[in-house]
Visitor: 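This structure is in structure tokens; I'll ask about it shortly.
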Amino acid sequence: MALSYLRSSSSRSANFLKPLSSAASLRRPISTDTTPITVETSVPFTSHQCEAPSRSVETNPSELLTFFRDMALMRRMEIAADSLYKAKLIRGFCHLYDGQEAVAVGMEAAITKKDCIITAYRDHCIFIGRGGTLLEVFAELMGRQAGCSKGKGGSMHFYKKDSNFYGGHGIVGAQVPLGCGLAFAQKYSKDETVTFALYGDGAANQGQLFEALNISALWDLPAILVCENNHYGMGTAEWRAAKSPAYYKRGDYVPGLKVDGMDALAVKQACKFAKEHALKNGPIILEMDTYRYHGHSMSDPGSTYRTRDEISGVRQERDPIERVRKLILSHDLATEKELKDIEKEVRKEVDDAIAQAKESPMPEPSELFSNVYAKSLGVESFGADRKEVRATLA
Amino acid sequence: MALRNILGKRFGVGLAGRRPLSTATCDVESGNAKAINLYSAINQALLIALETDPRAFVFGEDVSFGGVFRCTTGLADRFGKARVFNTPLCEQGIVGFGIGLAAMGNRAIAEIQFADYIYPAFDQIVNEASKFRYRSGNQFNCGGLTIRAPYGAVGHGGHYHSQSPEAFFCHVPGIKVVIPRSPRQAKGLLLSCIRDPNPVVFFEPKWLYRLAVEEVPEHDYMLPLSEAEVIRQGSDITLVGWGAQLSIMEQACIEAERDGIFCELIDLKTLIPWDKETVEASVRKTGRVLISHEAPVTGGFGAEISASIVERCFLRLEAPVARVCGLDTPFPLVFEPFYMPTKNKILDAIKATVNY
């Protein structure tokens, strides 16, 4: 994947990026440097029923470093969750997102916290992207009170109301009609916001998806359906589940765009394009060509239906973090050591969060009965033998 | 009714004492029996079904490589992709497709990966499958349809891998609902379901897939549907249950016996149409009844049993009908031990009912 970028002359732009003062230990203030850089995406976009956006993406050092840091954090977090699961501190189900970080990070770069995101159960990193903290993630995974859903949801049910993250859903495909409903509400509120409804290649064959698409197109809803195509619906490869694995075309009358989901900048460009499109013309489908390194969940080794060579091949050629690292290094925005330091920092953050999460207590037993209904509906729940252990379902 | 004791190790872990389970004679001869677990028994049943009927098909999500619980291991290799195949991720489509296949006279054995995912197919089951024969004046039917789904708590399943939705389906005339309690039962019951000329929903207790090991005859045998079985004789109280819950109830029975309470334990096996006669006969003997299931108590199938028994045995009853069931909350994550109808809750209820 050739990374070409605009330069006036090789040395001039490199100098332009260097600090004017010759600093000794601390180098250029990269975290706030918003000097525009233009980068080309790895592959051009393929479009269906619309004109593809340009391959040239505008970014800047600050953004690239944020990408790097955020993705490194997400990667570290997922690996840590893997270990915690094997240590039986996380029980139940755990679906890891490592490999797909670019989608979460690129999307956030193109939108605001007023736009809504709704996704399925592979939601840990999307939650982080929406501003969730590591403590909330690990506590929720371990079922503790400090978790984002108070320990009652678990891995598949992360939510964040103040940044319009609508979760976190266990039933495959069920979140897509919901997402279109959110878009419907947004259209009424006229606040120029959109909804991103994420689903996977497995869910792409659910009937309810097409029902939602039809309604969204009919009513011109600002809904962006994002198919995170990691090519395997649990253990079933896409070509064995779908007659047409060109998911961006499956909308038929709804325009679509195919995006390299391992390239955070391509994702950002596509989401920006999609948001503008949705606000003007109604729904659009984005197919993110991405890959997950782990199996479907922690119960799935991930190697019975695909070869280890395939996994390591993708890791070598298309890893999203490595791509950004190369970009940063080739543009001389930071040194290898600085990047490694960021990774170390991130690792420490994750470890601290885990330690803190372990201290958080389990939810109170009364929480079993709380929030079944809205408060003070007064519905009573009886204990097993209908005589004792009464609780009012609030 | 001659009861034969067949020694079998029921559970591998944490049981107070192993007690041989007695089963009715029926078609089960000891013959060549091997100790296998639940998923292997189901696998054997499916194999026999595919072998004996060339128009039998097994399909569902991920069944080709063996399925997430290994129930379909080896079937695709043996019978080919034309008869054992994967479907895309669409439950409504799977069941609808199965109904069509069955309507053409085939035996369609559809797998829904977890009972929690069966709801998109609910319309197809209730509105299409159950009413097909009725509304076509017996011209058409989808009796060859069997839907298999793993149900029930598993210790860490959370909201969407632990549900017991049997009650929803028990409300639908036209289909049968069958739930086995052990490997030996499962094989015989599943073969009966597959060969029954009515659409059947077969719920398999997922907790027992690996945990329950029993001597299962290797040959083709069937166990009758709509016949409940008294698996433990007693004189003080009748306990009614099905599936994995029976093992919990049995532990409670054993402990109750130490306190001098002799419980009669009945495995309903088929939930609809259920064997009212056997349960009624037992209640006439004991005068007390307790029903236990994992599903939430309100509107659970225990309510139907309770109402029927009261109707039929009102004057014989010595105490109100007791129900020890899941609580009226969504199936919880960390609170599972509180939610479940445990042995102690059952024991308490037994004592309360007997001492009423």
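Below, read A as the first sequence line, B as the second, and so on, with proteins coming before strands; counting in each chain starts at 1. On a predicted model such as this, the values are computed, not experimentally measured, just so you know.
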Visitor: For chain B, which candidate among A:Gly154, A:Gly235, A:Ala204, A:Pro363 shows the most heavy-atom pairs at distances under 4.5 Å?
Guide: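 That would be A:Pro363.
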Visitor: Of all of B:Leu290, B:Val68, B:Val334, which one pairs up most often with chain A through heavy atoms under 4.5 Å apart?
Guide: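 The residue among B:Leu290, B:Val68, B:Val334 with the greatest pair count is B:Val334.
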Visitor: Nearest heavy-atom pair of A:Ile171 and B:Asp116: which atoms, and what distance?
Guide: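 Where A:Ile171 meets B:Asp116 most closely, the heavy atoms are CD1-O, 3.9 Å.
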Visitor: Which pair of non-hydrogen atoms, one from B:Asn86 and one from A:Thr236, has the smallest distance, and what is that distance?
Guide: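 Distance-wise, the nearest heavy atoms are ND2-OG1, 4.1 Å.
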Visitor: Count the heavy atoms of every other residue, nucleotide or ligand shown that sit under 6.0 Å from OH of B:Tyr209, and state whether that count exceeds 12.
Guide: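 Above 12, so yes.
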Visitor: NE2/B:His161 to OG/A:Ser297 distance, rounded to the nearest 0.5 angstrom?
Guide: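 Result: 7.5 Å between the selected atoms.
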Visitor: Rounded to the nearest 0.5 Å, how far apart are SG of B:Cys90 and CZ of A:Phe210?
Guide: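 Rounded to the nearest 0.5 Å, the SG-CZ separation comes to 9.5 Å.
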Visitor: Looking at every heavy atom in both B:Pro88 and A:Ala241, which two are closest together, and how far apart are they?
Guide: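 Shortest heavy-atom contact: CG-O, 3.3 Å.
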Visitor: Specify the closest pair of heavy atoms between A:Gly202 and B:Leu89, including all atoms of both residues, with the distance to one decimal.
Guide: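 Where A:Gly202 meets B:Leu89 most closely, the heavy atoms are O-CB, 3.4 Å.
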Visitor: Quick check: do A:Met234 and B:Gln113 have side-chain heavy atoms less than 4.5 Å from each other?
Guide: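 In short, these two side chains touch, coming nearer than 4.5 Å.
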Visitor: State which residues pass salt bridge (charged side-chain N to carboxylate O under 4.0 Å, His left out) with B:Glu336; sequence neighbours excluded, sorted by chain then number.
Guide: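 Scan of B:Glu336 (salt bridge (charged side-chain N to carboxylate O under 4.0 Å, His left out), adjacent residues dropped) gives none.
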Visitor: Looking at every non-hydrogen atom in both residues, tell me the closest pair between B:Thr329 and A:Phe369 and how far apart they are.
Guide: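 B:Thr329 and A:Phe369 have their closest heavy atoms at CG2-CD2, 3.9 Å.
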Visitor: Step by step, work out the side-chain contact (heavy atoms from CB on, under 4.5 Å) result for B:Leu333 and A:His157.
Guide: CA-CA 11 Å; B:Leu333 193 60; A:His157 306 289; over 6 Å; no
Visitor: Could you tell me which residues satisfy salt bridge (charged side-chain N to carboxylate O under 4.0 Å, His left out) with A:Asp300, sequence neighbours excluded, listed by chain and number?
Guide: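 Testing A:Asp300 for salt bridge (charged side-chain N to carboxylate O under 4.0 Å, His left out), a comparison that skips the adjacent residues, returns none.
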Visitor: Side chain, backbone, both or neither: which part of B:Glu91 has a non-hydrogen atom closer than 4.5 Å to chain A?
Guide: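 Contact with chain A: backbone and side chain both.
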Visitor: Would you mind checking which part of A:Glu364 comes under 4.5 Å of any heavy atom in chain B, side chain (CB onward), backbone (N, CA, C, O), both or neither?
Guide: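 Answer is backbone: N, CA, C or O of A:Glu364 sit under 4.5 Å from chain B.
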Visitor: Do you know the tightest heavy-atom contact between B:Phe338 and A:Pro365?
Guide: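 Distance-wise, the nearest heavy atoms are CE1-CB, 3.5 Å.
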Visitor: Report, in residue-number order, which members of residues 152-160 of chain B are under 4.5 Å from chain A by heavy-atom distance.
Guide: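 Result: B:His156, B:Gly157, B:His159, B:Tyr160.
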Visitor: Could you give me the CA-CA distance, side-chain angles and deciding distance for B:Asp328 and A:Val372, then say whether side-chain contact (heavy atoms from CB on, under 4.5 Å) is met?
Guide: CA-CA 9 Å; B:Asp328 287 328; A:Val372 177; over 6 Å; no
Visitor: Under 4.5 Å between any side-chain heavy atoms of B:Phe65 and A:Thr304, yes or no?
Guide: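 They are not in side-chain contact.
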Visitor: With a 4.5 angstrom heavy-atom cut-off, is it the side chain or the backbone of A:Glu367 that approaches chain B, or both, or neither?
Guide: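 Both backbone and side chain.
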Visitor: Do B:Tyr117 and A:Val172 have side chains that get closer than 4.5 Å, going by heavy atoms?
Guide: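 No, their side chains stay 4.5 Å or more apart.
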Visitor: Looking at B:Arg70, I want to see if its CZ is surrounded by more than 12 non-hydrogen atoms of other residues, nucleotides or ligands under 6.0 Å.
Guide: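 Atom CZ in B:Arg70 is not crowded, with 12 or fewer foreign heavy atoms closer than 6.0 Å.
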Visitor: Are side-chain N/O atoms of B:Gln92 and A:Gln206 paired as donor and acceptor at under 3.5 Å?
Guide: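 On atom types as modelled, these side chains do not qualify, holding no pair under 3.5 Å.
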Visitor: Using a heavy-atom distance cut-off of less than 4.5 Å, which residues of residues 142-152 of chain A contact chain B?
Guide: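 Checking residues 142-152 of chain A against chain B gives A:Gly143, A:Gly151, A:Lys152.
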